[in-house]
Amino acid sequence: MPFNPERFVNPKLLQVKPYQPGKPIAECQRELGLTDFIKMASNENPFGTSPHVTNHLAKEFSQLALYPDSNAYELKMALSKHLHVAVEQLILGNGSEDVLRMIIQTFVWGNQHILISEYAFVAYKILAQGLGVDIKEIPANQYSVDLDAILAATTSETRMIILANPNNPTGTYVNQLDFKRFLDALSSDIFVVCDEAYYEYIIEQDYPQTISMLNDYPNLIITRTFSKAYGLAGLRVGYGIARPSVVELINRNRQPFNINHIGQIAAKLALEDQDFVRKSILQNEQGKQQLSNGLERLGLSYLPSHGNFIAVEIILPGKDVFQELLQHGIIVRPLAPYKLENFFRITIGTSDDNTACLKVLEKVLQKEKVV
Ligand SMILES: *Cc1c(COP(=O)(O)O)cnc(C)c1O
């Protein structure tokens, strides 16, 4: 009989469709033989990393032979000060996905399950299935999270709800009032994980200030990241914020050296340059306007976004547009993995990136006679 290792894994692992990341520039160069690509595919900061970070990293290379600080003391102190939370309320991860994995692993097991919204960030499903945990998708309301439907779907087996706020790839967000009402209606036996990867980009006044809710809601866990506005996606640093008793348990599932030394130093330096973050947010707003105007001029609909990306609807399959744009040096993200076959997602770029993207898009649409 042929050896079949599938017999030995948790059956949910067999349902995992591996994550399809944004196509790296080097891969596009190899495959297409073009040299110039603009990557608008992974919601990275188009302005790169703060020079305050990059200028100070070289002197850390002498430390590479040593293990990093397992407790990430300096970074935690800096975050604690920046966020006005106790050090004991922080858990660091190799990207916030690592934190999400630890959170699921810690609190959801046996026949308990997780609820997420339709169109929720696809990583949740992959993480849960890999850990052998059931995860159920609750239909969205148009493209927004339907909190009432999620509440109605909870059972005694529901242990956790994961909510991306704002959600990637739809860009919709839940406001403070609705979120509070949701928490009030929910049993505190169900954890609410609020994934705020785009927190820094949010300018809306009614966005939930979740840190100040931790006092009233012990079942709340917040995750954030240095991968987006802070421009450090390549170094993999994210964090969670919760009650100390919650953090202490999650920390038991943490690999002792999960944040590398350079990542710890870089994240601390990145926190020190809030000017860079402010400028990135401002330019993101301008870019959002520029792209929205351009898309409207081309007659394309899109989902109004509260992040640094826009999901664009198109008559052609999003995958075809992706290929066409790629041929012209623009990397975007098809949204078929979200069953949004007629959508693709553009990360808001620099003003030049946005201009180039709109120009190529116009060319593609003319060729396909959609415009
Ligand atoms: C990009 C993103 C993350 C960040 O992942 P990291 O592991 O911190 O790089 C988390 N959640 C959502 C919704 C995202 O879009």
Side-chain angles (χ1 to χ4, degrees), residues 19-22 24 39-46 49 72 75 79 90-105 114 116-128 130 135 137 140 143-145 160-174 192-202 207-208 210 221-241 250 254-255 258-260 262-264 266-267 270-271 277 280 284 303 305-311 332-333 335 337-338 340 343-348:
Y19 186 72
Q20 295 172 14
K39 189 178 178 209
M40 305 172 87
S42 300
N43 302 345
E44 294 134 332
N45 189 329
T49 310
L75 174 55
L79 265 175
L90 294 168
I91 174 97
L92 299 188
N94 187 32
S96 53
E97 272 201 52
D98 183 35
V99 181
L100 289 163
R101 184 191 51 74
M102 291 186 264
I103 293 171
I104 298 173
Q105 198 176 8
I114 300 173
I116 55 171
S117 171
E118 184 183 17
Y119 310 129
F121 184 43
V122 73
Y124 310 146
K125 203 184 283 177
I126 297 172
L127 288 169
I135 186 160
E137 254 184 41
Y143 293 101
S144 297
V145 174
M160 184 173 287
I161 294 164
I162 308 180
L163 182 74
N165 204 26
N167 184 48
N168 167 20
T170 51
T172 62
Y173 81 109
V174 171
V192 175
V193 180
C194 204
D195 175 353
E196 301 182 347
Y198 301 94
Y199 175 81
E200 294 79 12
Y201 281 111
I202 290 281
Y207 180 77
T210 43
I221 306 176
I222 304 152
T223 62
R224 293 188 190 165
T225 184
F226 286 92
S227 297
K228 305 286 156 63
Y230 282 100
L232 289 178
L235 286 179
R236 317 300 305 121
V237 187
Y239 57 97
I241 317 161
I250 302 170
R254 187 174 66 85
Q255 288 182 38
N258 64 334
I259 321 292
N260 69 77
I262 301 290
Q264 293 186 25
L271 273 180
V277 180
S280 299
N284 183 63
L303 306 179
S305 171
H306 300 277
N308 66 340
F309 53 87
I310 302 181
V332 296
R333 194 70 158 271
L335 294 182
Y338 291 88
L340 292 166
F343 281 83
F344 63 96
R345 192 193 67 200
I346 310 177
T347 301
I348 298 168

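Please read these numbers as outputs of a predicted model, since none were measured by experiment. Atoms within a ligand are numbered from 1 in the order they appear, just like the ligands themselves.
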Report task. Assert yes or no for the condition that the ring centre distance of Phe343 to Tyr119 is strictly below 6.0 Å. Result -> no
Query - Enumerated ligand 1 atoms positioned under 4.0 Å from heavy atoms of Ala197 - result: 2 (C), 3 (C), 10 (C), 11 (N), 12 (C), 14 (C)
Requested in this report: Report yes or no: does a heavy atom of Gly95 sit under 4.0 Å from some atom of ligand 1?
Outcome: yes
Requested in this report: Would you indicate which of Ala164, Ser227, Gly93 comes nearest to atom 9 (O) of ligand 1 when only heavy atoms are counted?
Outcome: Ser227
Report task. If you have a sec, work out which protein heavy atom is nearest atom 7 (O) of ligand 1 and how many Å separate them, to one decimal? Result -> Arg236 NH2, 2.7 Å
Report summary line: When Phe121, Phe344, Tyr198 are each screened for ring-ring contact (aromatic ring centres under 6.0 Å, His included) with Phe309, the one that passes is Tyr198
Report task. Kindly assign one of parallel, tilted or perpendicular to the pair Tyr173 and Tyr207, based on the angle between their ring planes and the thresholds 30° and 60°. Result -> tilted
Report summary line: Between Tyr124 and the options Val193, Asp195, Ile104, the side-chain contact (heavy atoms from CB on, under 4.5 Å) test singles out Asp195
Requested in this report: Record the part of Ser96 in heavy-atom contact with ligand 1 below 4.0 Å; permitted values are side chain, backbone, both and neither.
Outcome: both
Query raised in the report: Checking Tyr338 side chain against Val122 main chain: does a donor-acceptor pair fall under 3.5 Å?
Result: yes
Query - pair Asn165-Thr210: side-chain heavy atoms closer than 4.5 Å - result: no
Query raised in the report: Does any N or O atom in Thr225 lie less than 3.5 angstrom from one in ligand 1, N or O only?
Result: yes
Report summary line: Among non-hydrogen protein atoms, atom 3 (C) of ligand 1 lies closest to Lys228 NZ, 3.3 Å
Query raised in the report: Any donor and acceptor pair, going by atom type alone, linking the side chain of Asn308 with main-chain N or O of Asn43 inside 3.5 Å?
Result: yes
Query - Asn168: numbered ligand 1 atoms lying under 4.0 Å from its heavy atoms - result: 13 (C), 14 (C), 15 (O)
**Report entry** Identity and separation of the nearest protein heavy atom to atom 11 (N) of ligand 1
**Finding:** Asp195 OD2, 2.6 Å
Query raised in the report: Is Tyr198 touching ligand 1 with its side chain, its backbone, both, or neither, if touching means heavy atoms under 4.0 Å apart?
Result: side chain
Query raised in the report: How far apart are the C-alpha atoms of Met102 and Asn258, what are their side-chain angles, what is the distance that settles it, and do they pass the side-chain contact (heavy atoms from CB on, under 4.5 Å) test?
Result: CA-CA 11 Å; Met102 291 186 264; Asn258 64 334; 3.8 Å; yes
Query - Nitrogen or oxygen of Asn43 less than 3.5 angstrom from that of ligand 1 - result: no
